[in-house]
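Before any comments, here is the structure.
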Amino acid sequence: MLTPNFWQQKSLEDMTDKEWEAICDGCAKCCLHKIIDDDEGDGGSTDVLRPGEQLHYTRVACHLLNTKSCECTQYAKRSELVPDCVKLTKDNLQDIFFMPPSCSYRRLYEGRGLPSWHPLLNKGKKTAMHKAGMSVRGKTISDDGMSVDELEDYIAIWPLADLD
């Protein structure tokens, strides 16, 4: 069982594996394909945003995502099945610039606390998150059979919203 309000008492680095996993709000925005728009068009590294580059989220989600529950259907094997799958860890959190401002890991890392709609603040339920429009539920299409060149046709604005 998790200690109540553990996220207020521990840093992300000090959390147990169970606590770390519980911080995930389950919004599934990390399962969306993202593109970097750069003025140079040189297709360089995507490890950082360089001056003149802009990150865009798309409505295109990984084919492993259950879009109703906002959960990966192959969570344990996701990195194996999708090599570029996002896997947040305590070691790489500070380098993951492409997580949306609403991401609970990012919010805690930046000292902003959990959002009011987070499942940990709502009896473990995702209902408040879905009602607030903070998950990808009902907003995506699958990447199954889609080419990378098609992604720019599906740019989305909503994942960047942060309500509180």
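Numbers for residues simply follow the sequence, beginning at 1.
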Side chains of [X] and [Y]: do they bring a donor and an acceptor to under 3.5 Å?
X	Y	value
Tyr75	Glu21	yes
Ser102	Lys29	yes
His33	Thr58	no
Asp25	His118	no

If you compare all heavy atoms of [X] against all heavy atoms of [Y], which two are closest, and at what distance to 0.1 Å?
X	Y	answer
Trp7	Leu108	CB-CD1, 4.0 Å
Ser69	Lys126	O-NZ, 2.8 Å
Met15	Lys10	CE-O, 4.0 Å
Pro101	Arg106	N-NH1, 3.6 Å
Ser116	Asn122	O-ND2, 2.9 Å
Ser104	Ile23	CB-O, 3.2 Å

Exercise. Does the pair Cys70 and Val136 meet the rule for a side-chain contact (heavy atoms from CB on, under 4.5 Å), with working shown?
Worked result: CA-CA 7 Å; Cys70 293; Val136 303; 4.0 Å; yes

Exercise. Side chains of Leu120 and Asn5: does their closest heavy-atom pair fall under 4.5 Å?
Worked result: no

Exercise. In terms of heavy-atom contacts, does CD of Glu150 have more than 12 from other residues, nucleotides or ligands at under 6.0 Å?
Worked result: yes

Exercise. Near Asn92 CG, under 6.0 Å, is it more than 12 heavy atoms from other residues, nucleotides or ligands?
Worked result: yes

Checking [X] side chain against [Y] main chain: does a donor-acceptor pair fall under 3.5 Å?
X	Y	answer
Thr16	Glu19	yes
Glu110	Arg107	no
Asn66	Lys68	yes
Lys139	Gly133	yes
Tyr105	Lys90	no

Would [X] and [Y] show up in the same hydrophobic cluster when neighbours are defined by side-chain heavy atoms closer than 4.5 Å?
X	Y	result
Leu64	Leu151	no
Leu121	Phe6	yes
Leu65	Trp158	yes
Val86	Tyr109	yes

Problem set entry | side chain to side chain donor-acceptor pair (under 3.5 Å) between Ser142 and His63, intermediate numbers included | CA-CA 5 Å; Ser142 176; His63 61 280; 5.8 Å; no

Exercise. Which residues pass the side-chain contact (heavy atoms from CB on, under 4.5 Å) test with Leu55, sequence neighbours left out?
Worked result: Lys34, Ile36, Leu49, Tyr57, Phe98

Exercise. Less than 4.0 Å between a side-chain N and a carboxylate O, is that true for Glu80 and Lys77?
Worked result: no

Exercise. In terms of side-chain geometry, is the basic nitrogen of Asp164 or Arg112 positioned less than 4.0 Å from the acidic oxygen of its partner?
Worked result: no

